[in-house]
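Counting convention: from 1, in listed order, for ligands and their atoms alike.
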Amino acid sequence: MDTIRYNQPMRVDIFSLFPEVFQPYLEISILKRAIQSALLEVKTYNIRDWAFDRHHTTDDAPYGGGGGMIMKPEPIFSAVESVLGAPPDCPVILLTPQGQLFNQPMASELASYEHLAMICGRYESVDERIREHLVTHAISIGDYVLTGGELPALVVLDAVARLLPGVLGDPQATSDDSFSSGLLEYPHYTRPPEFRGWTVPETLLSGNHAELKRWRRQQSLLRTLKLRPDLLPNANLNDKERAFLENYPDGNSNNK
Ligand code: ADE
């Protein structure tokens, strides 16, 4: 698999029973610009076009009984292999609640490929042979069950696309993101300095750069302590910051 891109667009092939859901999101804002600027190319395919029986069947009842229908292996293998070759020469991602939980490091890793494929599951599940013999990454976007993998595919695509060089105007924009340092991001404010009596923290108006940096880091730490303490063991903190958090009275920040 090629992991280095030399100024060609990242190509993403999406296989779905409902490929029409993707277009509207690709036609707005940052993804639209990324596509227009040839930084990203997205192609969608209807898996049903590779269902060759009379009724174009893409699902069937599970062996062993139980509820729901299972996506058949033949149309998905045929679709992916006819577009990408056999075996495909790029990561093949299955969106499924039984996958690895998607996070920012995974988005960064996927952004390093020149080509990705995504398979959107529907119904109860997909035949396990797809997962075993075609898929390289099974990804879940959270511990809840959606009606299909289309929204998760858009979530993964969006998170990956904004990391591609040139997609966001400001290269600094992604380095301050929540999670890129292992912490939640600090609070943001813009004008006016007072709205309905609620004021912007003095430090942000002071123009003191060192003080601003300290305030932001402290707010990141406190917000993470309050909302996502599970992130702290893996966050990149110095001894002083760890001591600060250990001594901080629990839940004393105003973060929501
Ligand atoms: N398909 C249905 N639910 C999903 C989830 N949480 N993540 C990825 N794919 C899914």
By side chain to side chain contact (heavy atoms under 4.5 Å, CB included) - contacts of Asp53 (at least two apart): Ala51, His55, Thr57
ring-ring contact (aromatic ring centres under 6.0 Å, His included): pairs with one or both residues in residues 140-187, sequence neighbours excluded: Tyr186-His188
Ionic contact status for Glu211 with Arg214, cut-off 4.0 Å: yes
Student check: side-chain heavy atoms of Val42 and Tyr25 closer than 4.5 Å: no
Salt bridge Glu185-Arg223, side-chain N to carboxylate O under 4.0 Å: no
Hydrophobic cluster of Trp198, others only, ordered by chain and residue number, side-chain cut-off 4.5 Å: Phe195
Protein residues having a heavy atom less than 4.0 Å from any atom of ligand 1: Leu95, Thr96, Pro97, Ile139, Ser140, Ile141, Gly142, Tyr144, Val145, Leu146, Gly148, Pro152
